[in-house]
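Throughout, a chain's letter reflects where its sequence line sits, starting with A, and its residues are numbered from 1. This one's a predicted model, so the numbers in the text were calculated from it and none came from an experiment.
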Amino acid sequence: MPELPEVEILVRNLRPLLHRQTIREVQVRRAAVLAPTSVAQLETALVDATFQEITRRGKFLRFELRAKNSRLPLVVLGHLGMTGRMFLARKSEPLPKHAAVILDLGRRNFIYDDPRYFGRLTMDLSSLEKLGPEPLAADFTIEKFARDLKRSRQPIKVKLLDQALVAGVGNIYASEALFRAGIAPRRAANRLTLAQVNALHRAVRTVLAEAIESGSTIPLNFSAGHTDGLFYYGSAAGQEDFYAERLQVYDRAGKACYHCGSRIHRIRQAARSTFYCARCQKK
DNA sequence: CACCATGTTCCTTG
DNA sequence: CCAAGGAACATGGT
């Protein structure tokens with residue numbers, strides 16, 4: 001379920017559920033998601049440790065814990081990849097088929113489930129160092145954004161996916177932000193006008209903030225077997241109205257633009273799909 | 001069988 | 001050295 005807004009919603013939901021919960025046992029079913037941390041390292045660190053703060057950085061979840069009889073904070077980094085989910089479940093519930101890590105919290109289990117195993121639950125924090133500013137925080141300034149865009153000849157859509165430029169924008173919200181700003185996805189980053197840089201900066205923030213706003217009005221469904229299309233495709237029955245038109249271009253190839261009625265296009269850029277309205281995004 | 005999929009990292013190429 | 005592009009990772013849906 002994972003771009004910045006979805007991770008933010010997840011963090012907000014997990015925070016009260018995990019606060020001060022103590023890990024009794026660690027079960028790793030897919031060691032690759034810990035790499036380069038080993039199963040033994042994770043077990044040693046986490047057994048008897050207690051959850052403290054949980055925060056988000058870009059698309060990463062940062063779990064802060066405290067080991068038993070220790071003041072030293074211990075940090076575990078989570079990432080959902082493309083298909084990851086993290087949730088709590090009663091021990092009586094069946095484990096999902098692709099549960100990668102299970103943390104025994106006593107009454108319940110914390111489960112990291114990920115069919116494609118592209119995500120992470122690791123003690124290696126190096127990924128955080130490469131991240132650019134948080135788009136919804138004050139350090140995401142127009143000045144730095146403009147400077148960084150000037151140094152790249154990549155198509156602007158591709159550049160928006162660069163987590164060093166701004167952290168947390170993924171394939172869906174990159175297309176959405178460009179539509180919002182009226183910018184053609186193929187335009188080279190260093191050729192945006194100052195007005196376009198301003199519009200894009202604002203659009204990135206707006207699109208992400210609105211998605212968080214939208215997600216925060218719905219309770220997350222943690223029950224077993226629930227496939228989470230929550231944010232993208234409005235899978236929740238009876239919620240169609242709510243989700244209607246939330247995504248303006250993503251996955252809408254061939255359909256009418258909500259703004260001008262012309263057909264939405266799909267193109268390939270850096271091996272990913274980009275959706276846009278050729279009429280609303282002329283430059 | 002074909003192609004598609006919300007992401008990151010590594011390797012190659014220019 | 002750098003920027004950019006593509007492959008790899010692994011599974012499931014259509």
Side-chain angles (χ1 to χ4, degrees), chain A residues 1-11 29-37 56-61 77-86 96-101 112-122 124-132 135 148-178 185-191 204 207-208 211-212 214-215 220 225-235 243 246-254 266-275:
Chain A
M1 48 178 275
E3 287 184 39
L4 181 150
E6 293 74 32
V7 177
E8 176 64 26
I9 295 297
L10 177 62
V11 165
R29 308 188 130 201
R30 180 65 70 124
V33 305
L34 312 182
T37 301
R56 178 193 57 72
R57 178 79 173 93
K59 301 172 196 171
F60 290 87
L61 300 100
L77 200 62
H79 196 287
L80 299 171
M82 301 261 262
T83 54
R85 298 192 309 146
M86 293 183 184
K97 185 174 171 187
H98 300 290
V101 180
Y112 163 43
D113 172 44
D114 190 350
R116 289 171 76 176
Y117 305 109
F118 282 0
R120 284 286 179 278
L121 196 65
T122 180
D124 171 28
L125 310 182
S126 58
S127 297
L128 292 178
E129 296 162 15
K130 305 160 198 155
L131 295 181
D148 290 348
L149 291 178
K150 267 285 170 261
R151 288 195 282 109
S152 172
R153 272 163 291 185
Q154 279 187 299
I156 185 59
K157 155 60 167 43
V158 176
K159 191 61 189 172
L160 276 177
L161 298 179
D162 179 354
Q163 301 298 295
L165 174 71
V166 52
V169 176
N171 205 40
I172 293 176
Y173 295 111
S175 283
E176 293 297 319
L178 287 170
R186 291 192 180 93
R187 175 130 301 236
N190 62 357
R191 292 184 57 201
V204 165
V207 159
L208 297 177
I212 292 171
S214 157
L220 273 193
H226 177 76
T227 54
D228 187 8
L230 193 58
F231 298 97
Y232 304 117
Y233 303 109
S235 68
Y243 295 103
R246 195 170 81 62
L247 297 182
Q248 306 274 299
V249 289
Y250 184 79
D251 205 24
R252 298 198 65 243
R266 178 169 80 90
I267 57 172
R268 302 290 281 179
Q269 291 184 288
R272 316 289 305 272
S273 285
T274 297
F275 298 88

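Not a single donor-acceptor contact under 3.5 angstrom links the side-chain atoms of A:Arg153 to the base of C:dA4.
Toward the 5′ end of DNA chain C lies the nearest nucleotide of A:Arg151, the other residue of the pair A:Arg151 and A:Ala270 mapping further downstream.
The nearest pair of heavy atoms linking A:Ala99 to A:Asp113 is N-OD1, 3.3 Å.
On the P atoms, C:dA10 is 15 Å away from B:dC11, given to the nearest whole Å. Atom name P, nucleotides B:dC3 and C:dA7: the rounded distance is 13 Å, in whole Å.
Taking 4.0 angstrom as the limit, A:Thr83 places none of its side-chain polar atoms (N or O) nearer than this to OP1 or OP2 of B:dA5. Taking side-chain N and O atoms only, A:Ser273 has a distance below 4.0 Å to OP1 or OP2 of B:dA5. Residue A:Arg272 has no polar side-chain atom (N or O) positioned under 4.0 Å from OP1 or OP2 of C:dA7.
Considering only side-chain atoms of A:His79, the nucleotide from B:dA5, C:dC9, B:dT8 that sits closest is B:dT8. Which of C:dG12, C:dA4, B:dC4 sits closest to the side chain of A:Ser152 comes down to C:dA4. Of all nucleotides listed (C:dA4, B:dT9, C:dA10), C:dA4 comes nearest to the side chain of A:Gln154.
Every residue meeting the side-chain contact (heavy atoms from CB on, under 4.5 Å) condition with A:Arg252, not counting sequence neighbours, appears here in chain and number order: A:Lys255, A:Tyr258, A:Ile264. Listed by chain and residue number, A:Met82, A:Arg116 satisfy the side-chain contact (heavy atoms from CB on, under 4.5 Å) test with A:Phe118 (two or more places apart in sequence, or in another chain). Listed by chain and number, the residues in a side-chain contact (heavy atoms from CB on, under 4.5 Å) with A:Arg151 are A:Asp148 (sequence neighbours excluded). Applying the side-chain contact (heavy atoms from CB on, under 4.5 Å) test to A:Ala270 and every residue at least two apart in sequence or in another chain returns A:Val158.
Between the OH atom of A:Tyr112 and the C1' atom of B:dG7 there is a distance of 11 Å, rounded to whole Å. Protein atom CZ of A:Arg30 is 7 Å distant from nucleotide atom C1' of C:dA10, rounded to whole Å. Atom CG of A:Leu128 and atom C1' of B:dT8 are 13 Å apart (whole Å). Rounded to a whole Å, the CG atom of A:Asp148 is 14 Å from the C1' atom of C:dA3. Atom pair A:Arg268:CZ and B:dC3:P shows a separation of 11 Å (rounding to whole Å applied). Look at CZ on A:Arg116: it is 10 Å from P on C:dT11, rounded to the nearest Å. With rounding to whole Å, A:Asp124 atom CG is found 15 Å from B:dT8 atom P. Here C:dG5 presents its P atom at 9 Å from CD of A:Gln269, a figure rounded to the nearest Å.
Ring-base stacking between A:Phe118 and B:dG7 is satisfied, the centre separation being under 5.5 Å and the plane angle under 30°.
Scanning residues 157-165 of chain A for heavy-atom distances under 4.0 Å to DNA chain C yields an empty list.
Contact of the A:Pro155 side chain with the A:Gln269 side chain is registered, since non-hydrogen atoms from C-beta on lie closer than 4.5 Å. Side chains of A:Val249 and A:Glu176 form a contact here, defined as non-hydrogen atoms less than 4.5 Å apart.
Scanning DNA chain B for stems, defined as runs of 3 or more consecutive Watson-Crick or G-U wobble pairs whose donor-acceptor distances all fall under 3.5 Å, gives the following ranges: B:2-5 with C:11-14, B:7-14 with C:2-9.
Looking at heavy-atom distances under 4.0 Å, A:Tyr117 makes contact with sugar-phosphate atoms alone, never a base.
Inspection of the A:Thr122 and A:Thr37 side chains reveals an N or O donor paired with an N or O acceptor under 3.5 Å. Counted by atom type alone, A:Asn190 and A:Ser152 present zero donor-acceptor pairs between their side chains at under 3.5 Å.
The CZ atom of A:Phe275 sits 5.0 Å away from atom CG of A:Asp251, with the distance rounded to the nearest 0.5 Å.
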